[in-house]
Number of protein chains: 2
Amino acid sequence: MPYAEMPRIDFRTEPQRWRHWRLDVEGPVATLMMDVNPNAGLLPDVELKLNSYDLSVDIELADAMTRLRFEHPTVRVVVLRSGKPGVFCAGANIRMLARATHQHKVNFCKFTNETRCAIEEASAEAGQTWIAAVSGACAGGGYEIAMAADRILLIDDRRSTVALPETPLLAVLPGTGGLTRLTDKRRVRRDLADLFCSKEEGIGGRRAVAWRLVDEAIPPSRWEESVAARARSIAEASDRPEQATGIILPTLKREETEASLAYRHVFVTMDRAARRAHVVVRGPASLPEDLAGIHSAGEAFWPLALARELDDALLHLRFNEPELGLLTLASEGAVARVLASDALLETNKADWLVREIRLLWRRTLKRLDLTSRSLIALIEPGSCFAGTLAEILFAADRTVMLSGTREGDNRATAIALSPLNFGAYPMANNLSRLATRFLGEPESVAGAHAAIGRNLDADAAESLGLVTQAFDEVDWDDELRQILEERASFSPDALTAMEANLRFAGPETMETRIFGRLTAWQNWVFQRPSAVGEEGALKRYGTGLKPVYERERV
Amino acid sequence: MPYAEMPRIDFRTEPQRWRHWRLDVEGPVATLMMDVNPNAGLLPDVELKLNSYDLSVDIELADAMTRLRFEHPTVRVVVLRSGKPGVFCAGANIRMLARATHQHKVNFCKFTNETRCAIEEASAEAGQTWIAAVSGACAGGGYEIAMAADRILLIDDRRSTVALPETPLLAVLPGTGGLTRLTDKRRVRRDLADLFCSKEEGIGGRRAVAWRLVDEAIPPSRWEESVAARARSIAEASDRPEQATGIILPTLKREETEASLAYRHVFVTMDRAARRAHVVVRGPASLPEDLAGIHSAGEAFWPLALARELDDALLHLRFNEPELGLLTLASEGAVARVLASDALLETNKADWLVREIRLLWRRTLKRLDLTSRSLIALIEPGSCFAGTLAEILFAADRTVMLSGTREGDNRATAIALSPLNFGAYPMANNLSRLATRFLGEPESVAGAHAAIGRNLDADAAESLGLVTQAFDEVDWDDELRQILEERASFSPDALTAMEANLRFAGPETMETRIFGRLTAWQNWVFQRPSAVGEEGALKRYGTGLKPVYERERV
């Protein structure tokens, strides 16, 4: 199925339109019930049996995760359960995987991984801890969702088990972080992990606990009471507010044409002939004066609105515009006002809502880091890459800045740093983008820190190492044209692989291992005939025919 | 070109037979001159122009590295140079890459990476520091060899440059560690790395120094004198002996039949129908009494001889037997005598030769870790998995042990640990195999340490977490048959990817990033039509035709 036949995907949703999940909030405990509607999947002819999932299910999970954070400030524990008897979740739907393009499979796995990591961020950073209460079969991607939770409770009823049967059944990897979380998060002994991943059937009860696959196996007689007790005791340790009013997140509005996408603060224009998109983020027109103003602005507060829009635009480009291999990133607005927004975010960082806005930016910037397109940031007169927005420069593969001004344009060309560039938005490697940038010259981080708040022109930005190249007005057009044409002439695949290696220097974390190592191996397997060929396991699954494998080891 | 047409590869060589390298030793400084014979490559119809290389060149480089360590104990610095005017090294040969099978390409890159890491080990652990004296064009794999050196000196003659032009020219990755060493070892700023890797032409002179691509750019007038001076000053800091006699490493003897490979201490039998090989290592028949005895035994000293043989056998299986997807690993001999060998290696570890033997074992065990075959160790009566040999158990994906004895066989079934299991042989992640195994239960490392020197039967080994499963005589044959048949029924590709993820839990190092992330991305790219398709860049390189790329980003 070539990508042109994949349906166009819209990541915007809201609880009233969810088809696969139910959310029930009781005081500090929310229960999120997975109850996949088998006939409401992405592909009309693929039925989502046994709580198996496709992207449509994961889009709603991501939406639930976000809304829990913003709309339910007093929720401290999220209990993940199944709404179907006898099955927790059967994992990613195999027929969908067999039908989807390589590009869709890879992006699907990336998005689901991002959502799993966001769930872990909720537990670690936002005082909203997820626990999985597993009853019934929990296999493949189902167990991978459970592993994203902080704790896994398994009912010990002799039928409920966890499993990662991808290798024996499907000739692919448990690729939504499963292998990495098994060894790195749950720290399962490697030979037991090997045994576990080689079994089609699952493991339950005390053995699952002994192998560290789950945290507790609980007899049916004490199940409901134990789940409730664990939820209560975790809730007590949270720093979420006791009383607070949430911020409603209305569905994003955007205007679309054949060649553009316009939100309130984000504008995308697409040049399909040149295979690139130009993304402009607009600075704040106005800002509230204080914390009360932030809360009353709610979803309209500029940094919150902008992050949501940028996130949506990136997902749209990833899935619906795979041929646009290069994104030029620009901004328009007042540097001083972006710094004023950062000051609000810094002064009020103890507030639950401000914390959530900062965490949303952290996730959105990670989404940008992981977007498999060449990213070239352009700094021109009237741009406002300051503080939080300057992170976009440091996420880009290259930044090009105009030196001086442009004739007939009085606006300055400057960037600026704020305290938020020094730790508020760690990358997947847990370092700030500036610390990653300056691994080889750590003194440059201090140099940049000393420049906080100053308007930096091209000379200053270059000498601080903050931009890649600067050109004056005379050279700008030619140089830029050359950079963009050159990039467009390279193999998109080679760029994907090169960028994935160059973007994440320095220390590794479970997250970098998931997006770096595991993903790369999975991409490889997703191309191999043993998995995706006509006689491969994905194609033959459920047909009664045995798959045929290539016999050589690579 | 299907693998059956790839020539059979022999990793054994010796200086008299080298075709591509010259070694010149003057006191503490060795000069290793790369001078590739264009007509002596692996494939008869592929000419190795401009010091480009294929596996035949790298086999000799690995041989030189090993012989420098054992045969030249007083060499403290190795200066890597080119024997060809105007070119240092043009990198891996493109026509070879275009012709070779996917399996050969992947294994070729793994072997070259292992050799680069061994060069770094020489600098870091053995007091034998490599420096690259680069004169002429140094591109792609050529620059990657230079980056493996501890220091890169570049002649500043306006013609000599370094480059990684793989992405623009060939649509593949600089895959011999290049991208990883760029960001992690040399700590080149990521946007400059992106710029550098996007250029077909190289970078030289002061700019190469400013970008951290080389350590010094030296004018021609001071070139020879500076290279000599750097070599001398590095030599002074080495702890290699001032006076010592090397150990000659004669070419390994082995007897081959259609289904077997026999060395002195390593015996491989191949079952092609079942697609597996059985590897037996034999314990020492006798051992010297002291350090003088070790030196006079030389290459015949059991641990040295065994490591060389095991290394050769693994390489043979990797390249020449790609369909044998499973290795069963067994041993025969006396546990006590293996422990006695370990005691010799521990008592005399300050000696240069003993240090080299331990480092050779470290490299060989890493080679086993990285061997992309399922590894199942079998512990049966009369086996001698003790100390150094027990590392084989911890490198295996699973270990299966006989519980009790076998009828008619009086020999005990036991394993044993020695101090060498606790740090002498770190994995690529820089942890011992036991520390990696017990990431989730660090107290088990202490438990194992307390058992040093004891003969451990199946009960003891299981309760210490040292083996995966134990079966008694009644069940052994059935259980083992089931394990082996099950493994053989899985997709070889899925196993490759799964094992690559499960084997290296815990911290990451540059080495794990090279073999984990970079390699996986490279394997992916090496399958993509934009690189290897009929219209791809590798196939079209040098034809005058432009490659055609798939336009979608993945």
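Order of the sequence lines fixes the chain letters, A, B, ..., with proteins taken first and strands second; residue numbering starts at 1 for each chain. All heavy atoms count here, side chains included; hydrogens, waters and symmetry mates do not.
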Find the one option among L195(B), I483(B), T167(B) whose heavy-atom pairs under 4.5 Å with chain A are most numerous.
-> L195(B)
With a 4.5 angstrom heavy-atom cut-off, could you sort out which part of A531(B) is near chain A: side chain, backbone, both or neither?
-> neither
Of the backbone (N, CA, C, O) and the side chain (C-beta and beyond), which part of Q522(A) lies under 4.5 Å from a heavy atom of chain B, both, or neither?
-> neither
Measure distances from F526(A) to the heavy atoms of chain B and classify the residue's part below 4.5 Å as side chain, backbone, both or neither.
-> neither
Would you give the length of the straight line joining atom CD of E486(B) to atom NZ of K199(A), rounded to the nearest 0.5 angstrom?
-> 8.0 Å
So, T183(A) side chain and L502(B) main chain: donor-acceptor pair closer than 3.5 Å or not?
-> no
Chain A contacts, top residue of F438(B), Y549(B), F504(B) (heavy-atom pairs, under 4.5 Å) = Y549(B)
With only heavy atoms counted, which part of A193(A) is less than 4.5 Å from chain B, the side chain, the backbone, both or neither?
-> both
Where do G516(A) and W521(B) come nearest, in terms of heavy atoms and distance?
-> O-NE1, 3.6 Å
So which heavy atom on Q103(B) is nearest to which on R553(A), and how close?
-> CG-O, 3.2 Å
Which of Q469(B), E166(B), R186(B), R318(B) touches chain A most, by non-hydrogen pairs under 4.5 Å = Q469(B)
Would you mind telling me which of A488(B), A537(B), A520(B), A505(B) has the largest number of heavy-atom pairs within less than 4.5 Å of chain A?
-> A520(B)
Who among V106(B), N523(B), V525(B) has the most heavy-atom pairs with chain A under 4.5 Å?
-> N523(B)
For chain B, the option from L495(A), T509(A), L169(A) that forms the most heavy-atom pairs under 4.5 Å = L495(A)
Out of curiosity, R551(A) CZ to E323(B) CD, how far, rounded to the nearest 0.5 Å?
-> 5.0 Å
Region of L170(B) in contact with chain A, defined by heavy-atom distances below 4.5 Å = neither
Among A497(A), A396(A), A171(A), who wins on heavy-atom pairs under 4.5 Å with chain B?
-> A497(A)
Pick from N107(A), L192(A), T512(A), D397(A) with the largest number of heavy-atom pairs that fall under 4.5 Å of chain B | D397(A)
Relative to chain B, which of V172(A), T180(A), D184(A), V548(A) shows the most heavy atom pairs under 4.5 Å?
-> D184(A)
When every non-hydrogen atom of P168(B) is compared with those of F490(A), the smallest separation belongs to CB-CE2, 3.4 Å
Verify whether one side chain among S198(A) and R398(B) offers a donor that lies under 3.5 Å from an acceptor in the other.
-> yes
Okay, side chain of R513(B), backbone of N501(A): is any donor-acceptor separation there less than 3.5 Å?
-> no
Search all heavy atoms of L439(B) against all heavy atoms of R187(A) and return the closest pair with its distance.
-> O-NH1, 3.2 Å
Answer yes or no: is there an ion pair linking D194(B) with R503(A), defined by an N-O contact shorter than 4.0 Å?
-> no
Approximate separation, where rounding is to 0.5 Å, of H102(A) NE2 and R528(B) CZ = 4.5 Å
Proximity breakdown for V467(A) and chain B, heavy-atom pairs closer than 4.5 Å = backbone
Side chain from CB out, backbone as N, CA, C, O: work out which of these in E499(A) comes under 4.5 Å of a heavy atom of chain B, or both, or neither.
-> side chain
Taking atom types as modelled, is there a side-chain donor on R190(B) or T436(A) under 3.5 Å from an acceptor on the other?
-> no
Okay, R275(A) and chain B: the region with an atom under 4.5 Å from a heavy atom over there is side chain
Given the rule in the salt bridge (Lys or Arg N to Asp or Glu O under 4.0 Å) test, do E441(A) and R212(B) qualify, once you have shown the distances and angles that lead to the verdict?
-> CA-CA 10 Å; E441(A) 33 178 319; R212(B) 307 174 65 89; 5.8 Å; no
In terms of heavy-atom proximity below 4.5 Å to chain B, should P547(A) be classed as side chain, backbone, both, or neither?
-> neither
Keeping to residues at least two apart or across chains, list the ring pair (Phe, Tyr, Trp, His ring centres under 6.0 Å) pairs with something in residues 173-200 of chain A.
-> Y143(A)-F196(A)
Tell me, for L173(A) versus chain B, whether the close heavy atoms (under 4.5 Å) come from the side chain, the backbone, both or neither.
-> side chain
For chain B, the option from S491(A), G175(A), G506(A) that forms the most heavy-atom pairs under 4.5 Å | S491(A)
If one checks every heavy atom of S374(A) against chain B at 4.5 Å, the contacting part turns out to be both
Against chain B, work out which of S489(A), G465(A), S444(A) has the most heavy-atom pairs shorter than 4.5 Å and name it.
-> G465(A)
What closest approach, in Å, do R437(B) and R189(A) show between heavy atoms, and which atom pair accounts for it?
-> O-CG, 3.1 Å
